[in-house]
Amino acid sequence: MPNHMITRAKSVPAPSQTRYLHEQITSWFADNARELPWRAPRCSPWGIMVSEFMLQQTPVVRVLPVWEQWMQRWPTPAALAAEPSGEALRAWGRLGYPRRALRLHSAAAAIVGRHGGQVPGTREELLQLPGVGTYTAAAIASFAFERPETVVDTNIRRVHARAVTGHALPAPSLTSAEMKLAAALMPRQETKAWNAAVMELGALVCTARSPKCGACPVRERCAWVAAGQPEPHYVPKGQAWAGTDRQVRGAMMAVLREAETPVLREVLLGTVDLVDHGTGHAVPLTKLRSLGASDEQLARSLDGLLADGLAETAGSGVRLPN
DNA sequence: CAGTCGTGGCA
DNA sequence: TTGCCAAGACT
């Protein structure tokens with residue numbers, strides 16, 4: 001090949017294809033975007049940051065009510081930072097991965113201490129905050145500050161994998177090739193809308209299971225459809241749950257969130273039954289124990305919660321951090 | 001880098 | 001019914 005010819009990585013689409021994707025997806029987004037409160041023009045950077053923490057591995061529909069209550073109670077980082085982390089854990093409710101609540105609380109304190117109470121606007125500053133990784137930093141910088149960052153989440157990766165690369169699913173972990181592709185696809189203008197649009201397409205149409213290709217704005221030039229929708233290259237690893245420490249920790253946290261006074265260790269370890277006087281339901285720890293959770297696993301799980309700062313000892317009992 | 005970390009709805 | 005999976009971060 002003559003070296004004066006412009007060469008392009010195989011996985012990067014031609015300019016005409018990129019233009020097509022931009023036009024089709026942004027147009028589709030204008031007509032189909034969900035009206036989410038953190039997308040409202042008046043939403044503060046803090047509100048967007050809170051939504052990003054809550055949306056890490058948790059579906060939108062479950063985040064919505066918790067986000068509303070959270071923002072009403074803590075409309076600024078300073079408001080959250082002024083309260084014990086245990087209050088954040090309680091307000092987090094059953095969103096899952098409660099360490100996110102702890103990190104959000106710590107991030108709020110860092111924002112007060114290092115940024116005068118204002119959410120920082122650059123990727124570099126955001127990355128210094130606890131709980132903020134590559135995705136979240138780019139997302140906040142893009143959605144809250146309209147900086148031209150390349151946002152890459154699981155939805156965007158899947159859309160790119162199918163529409164451009166022709167694969168059913170993206171690789172198990174984010175690769176540099178994917179980052180290069182995402183950067184190459186970024187438009188010069190309207191980067192915030194583009195990031196949100198591709199993410200939305202992945203969430204509503206180009207879904208992991210049973211994608212709605214009939215409703216897809218780029219189906220006419222989708223590499224995966226053109227290839228006959230081949231099966232995934234690999235088998236996604238399942239997320240084990242039954243019998244894991246995570247299940248035990250989750251049950252313990254549920255008890256601690258509901259408790260108004262410190263909970264006896266014996267209760268958390270499942271050796272004595274605790275009955276909720278409000279509902280009459282027995283807490284699940286004795287049940288987990290009868291289902292095979294060993295004394296060792298229960299003890300290890302409780303120690304883990306304490307070590308992670310999700311709980312603390314209080315006298316002869318345990319409670320959320322106060 | 002592969003493992004760990006919650007929770008609930010849906011196919 | 002059971003397994004998959006959802007706007008990841010951290011070690």
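The figures that follow rest on heavy atoms only: side chains count, while hydrogens, waters and symmetry mates do not. To find a chain, count down the sequence lines: A is the first, B the second, and so on, and within it residues start at 1.
Comparing the P positions of dA11(B) and dA7(C) gives an interatomic distance of 15 Å, to the nearest angstrom. Distance noted for atom C1' between dA6(C) and dC5(B): 14 Å (whole Å). A gap of 23 Å separates the P atoms of dA9(C) and dG8(B), to the nearest Å.
The pair Glu200(A)-Arg39(A) meets the salt-bridge criterion, since a charged nitrogen lies less than 4.0 angstrom from a carboxylate oxygen. Under a 4.0 Å N-O distance rule, the pair Arg73(A)/Glu83(A) qualifies as a salt bridge.
Residue Arg158(A) places at least one side-chain N or O under 4.0 Å from the OP1 or OP2 atom of dA6(C). For the OP1/OP2 pair of dA6(C) and a distance below 4.0 Å, the side-chain nitrogens and oxygens of Gln57(A) include no atom meeting the criterion.
The cationic group of Arg221(A) lies under 6.0 Å from the six-membered ring centre of Tyr20(A) and within 45° of the ring axis, placing it in a cation-pi geometry.
Leu102(A) has its CG atom 12 Å from the P atom of dC10(C), to the nearest Å. Between the CE atom of Met199(A) and the P atom of dG8(C) there is a distance of 8 Å, rounded to whole Å.
The nucleotide range of DNA chain B contacted by chain A, defined by atoms under 4.0 angstrom from heavy atoms of the protein and reported 5' to 3', is dC5(B) to dG9(B).
Ring-plane geometry between His22(A) and Trp194(A) is classed as perpendicular, the angle between the planes exceeding 60 degrees on a 0 to 90 degree scale with a lower cut at 30.
Side chains of Thr244(A) and Gln247(A): no donor on one and acceptor on the other come within 3.5 Å.
When each of Arg103(A), Arg246(A), Gln57(A), Gln56(A) is tested with Tyr97(A) by the rule side-chain hydrogen bond (donor to acceptor under 3.5 Å, both in side chains), just one qualifies, namely Arg246(A).
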